[in-house]
Amino acid sequence: MNGPGQASTRVAADVLETFVRDLYLAAGVPGDDAQTIAGATLCQETRGNTTHGLRLVHFNLRGLDDGTIRANPDQPVLSDRGMTAVIEGDHGVGIVGCMKGMRLAIAKAREGGIGVALIVRNNHFLAAVPYCLEAANAGMIGMAFSNTKGSMGYPGARGSVIGNTPMGFGIPTAGGFPILFDACMTASGGRMRQWIREGKRIPRDIRGFDRDGRPTDDPRAVIGGGTTMPIGGHKGAGLAILVEALTGVLGGAAFLSDITPRDQADRTDKTHAVSHCCIAIDVAAFMPVADFEARMADFVADLKGSPLDGESDEIRLPGERMERTRRECEIHGVPLEPDVRQELEEWAKRLGVRFPDTL
């Protein structure tokens with residue numbers, strides 16, 4: 001989306017993916033890893049998840065440049081037992097470590113029906129969709145979770161005391177695209193900044209507070225030292241605890257107040273980094289994948305056949321809007337907001353990479 005008065009230019013999706021890959025290559029990231037990062041970034045951007053797509057290229061390249069993110073991290077498997085594993089993230093680009101985790105979880109699920117991989121001391125993983133889609137494309141149900149630094153309130157506490165704990169799942173279907181769910185337990189900082197760019201207020205169903213604990217619908221007040229509360233109150237708070245337990249706690253890594261903002265931490269100390277959990281469930285361990293996908297198609301038809309509420313024109317599934325946006329980007333190109341384009345052009349010039357032609 002564009003803010004008031006903003007106009008976007010478009011670039012072909014495959015061309016843009018190659019450009020992003022080349023930026024990371026120029027920043028010292030190995031070839032396969034650079035391709036993984038570019039693929040996940042465009043997976044997000046082409047599905048309309050623009051707050052957690054190309055906007056984070058600047059974040060990663062800046063970290064690679066100043067040494068707070070490692071271009072070629074050492075990521076051994078620390079534990080490999082049965083259908084479980086723990087991978088060292090070594091504070092590399094978060095996408096790389098988390099995708100290694102999901103691919104290992106998928107491989108283990110092929111053997112025993114389910115695979116669980118934790119990735120510890122990693123970095124921002126964008127969002128859950130790329131990893132859940134990786135599992136769904138393999139004929140599996142995929143789930144991905146991450147803890148984060150304190151960015152959300154908790155019932156009874158003051159200030160931001162727990163991460164917004166992004167999570168998601170992917171389910172293969174026979175409907176032409178998988179069901180893809182991706183959410184965190186409150187509005188993300190990226191979403192707040194998007195509302196600021198668009199001149200919008202915080203929606204009524206999200207409780208926002210300023211730095212003095214006063215209720216507010218101004219995203220600037222929240223970004224400026226305030227906080228938001230979990231969606232659904234105690235329900236979202238409970239899910240946040242589950243994610244913390246599945247990531248930093250179970251992985252023997254940082255959680256809650258031990259996850260500190262990188263600009264406040266010792267730049268040589270990687271112990272404060274975030275962790276992730278990837279789970280893959282092999283549908284074939286229960287029934288033929290084609291049968292499951294057909295049953296999911298029946299499930300979707302049943303749900304979509306429900307009476308409308310009088311205000312909606314259709315019943316949409318998680319991932320359906322994303323798929324429509326992806327198809328539009330495939331035909332018309334990926335829109336670049338002016339500030340994102342400017343950042344990418346600056347990095348292209350700095351790293352000696354040619355900026356792609358626009359459509």
Side-chain angles (χ1 to χ4, degrees), residues 1-4 6 8 10 13 40 42-54 126-137 139-144 164 166-188 190-192 194-195 197-207 217 219 228 230-233 235-236 239 281 283 289-335 337:
M1 289 186 171
N2 300 318
Q6 287 185 319
S8 62
R10 289 181 178 264
L42 268 294
C43 173
Q44 284 287 97
E45 195 73 22
T46 57
R47 285 170 172 78
N49 301 325
T50 57
T51 60
H52 290 70
L54 290 171
L126 285 188
V129 161
Y131 317 102
C132 298
L133 183 62
E134 187 82 6
N137 286 342
M140 301 192 183
I141 297 172
M143 292 173 274
N164 60 18
M167 64 179 70
F169 61 79
I171 304 174
T173 75
F177 62 93
I179 292 175
L180 287 173
F181 177 82
D182 183 8
C184 56
M185 292 301 98
T186 192
S188 68
R191 187 66 64 191
M192 289 286 175
Q194 178 177 320
W195 288 333
R197 290 192 301 273
E198 296 174 352
K200 293 182 178 179
R201 312 298 287 187
I202 299 172
R204 287 180 296 177
D205 57 350
I206 297 174
R207 295 177 62 200
D217 65 353
T228 54
I231 56 173
K235 298 177 182 179
L239 288 173
I281 301 172
V283 168
V289 175
D291 291 354
F292 175 81
E293 291 180 342
R295 288 177 61 79
M296 283 303 302
D298 290 341
F299 170 88
V300 169
D302 191 338
L303 182 59
K304 282 182 166 288
S306 303
L308 296 177
D309 61 9
E311 297 181 0
S312 304
D313 56 1
E314 66 173 327
I315 296 172
R316 283 194 298 266
L317 293 164
E320 190 165 359
R321 190 194 301 271
M322 285 191 282
E323 178 62 16
R324 292 173 183 174
T325 303
R326 186 195 68 79
R327 292 175 182 175
E328 180 182 342
C329 287
E330 191 174 68
I331 297 170
H332 302 291
V334 181
E337 294 175 82

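Starting from 1, each residue takes its place in the sequence as its number.
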message = Any salt bridge linking E45 with R10? Criterion: basic side-chain nitrogen under 4.0 Å from a carboxylate oxygen.
response = no
request  = Measure across A135 and G142 and return the closest heavy-atom pair with its distance rounded to 0.1 Å.
outcome  = CB-CA, 3.5 Å
note = Scanning both residues in full, the closest heavy-atom pair of I206 with A187 reads CD1-CB, 3.7 Å
ask   = With distance as the sole test, does T173 use its side chain to make a donor-acceptor pair with the main-chain N or O of G175 at under 3.5 Å?
value = yes
key: Which residues share a side-chain contact (heavy atoms from CB on, under 4.5 Å) with C43, sequence neighbours left out   = R47, V129, P130, L133
inquiry  = So, using side chain to side chain donor-acceptor pair (under 3.5 Å) as the criterion, who are the partners of T46 when residues are at least two apart?
reply    = none
task = Can you sort out the partners of I231 under side-chain contact (heavy atoms from CB on, under 4.5 Å), two or more places apart, ordered by chain and number?
result = M185
query = Taking the side chain as C-beta and beyond, is there a heavy-atom pair between C132 and F181 under 4.5 Å?
reply = no
message = What's the separation between atom CG in L317 and atom CG in L180, rounded to the nearest 0.5 Å?
response = 11.0 Å
side-chain contact (heavy atoms from CB on, under 4.5 Å) between D313 and L308, intermediate numbers included = CA-CA 7 Å; D313 56 1; L308 296 177; 5.6 Å; no
query = Between CZ of R321 and CZ of R324, what distance do you get to the nearest 0.5 Å?
reply = 8.0 Å
request  = Supply the atom-to-atom distance C184 SG to H52 NE2, rounded to the nearest 0.5 angstrom.
outcome  = 6.5 Å
Sub-4.5 Å side-chain heavy-atom contact between P318 and I179 = yes
inquiry  = Rounded to the nearest 0.5 Å, what separates atom CE in M322 from atom CG in N49?
reply    = 5.5 Å
request  = Taking all heavy atoms of P178 and all of P172, pick out the closest pair and write down the distance.
outcome  = CB-CA, 4.3 Å
key: Gap separating the OG1 atom of T228 from the CG atom of N164, nearest 0.5 angstrom   = 7.5 Å
message = With a 4.5 Å cut-off on side-chain heavy atoms, are M143 and I281 touching?
response = yes
ask   = Do the non-hydrogen side-chain atoms of C329 and V334 ever get within less than 4.5 Å of each other?
value = yes
request  = Using side-chain contact (heavy atoms from CB on, under 4.5 Å) as the criterion, list what pairs up with D217, not counting sequence neighbours.
outcome  = R201, I202
ask   = Looking at residues at least two apart in the chain, or sitting in another chain, which of them share a side chain to side chain donor-acceptor pair (under 3.5 Å) with E323?
value = R326, R327
S188 side chain vs M192 backbone, donor-acceptor pair below 3.5 Å = no
task = Please collect all side chain to side chain donor-acceptor pair (under 3.5 Å) contacts where either partner lies in residues 289-307, sequence neighbours excluded, each pair once.
result = K304-E320
request  = Could you tell me whether the side chain of F292 reaches within less than 4.5 Å of the side chain of I141, counting heavy atoms only?
outcome  = yes
message = Would you say CZ of F299 has more than 12 non-hydrogen atoms from neighbouring residues, nucleotides or ligands within 6.0 angstrom?
response = no
key: Derivation and outcome, side-chain contact (heavy atoms from CB on, under 4.5 Å), residues M167 and L239   = CA-CA 9 Å; M167 64 179 70; L239 288 173; 4.1 Å; yes
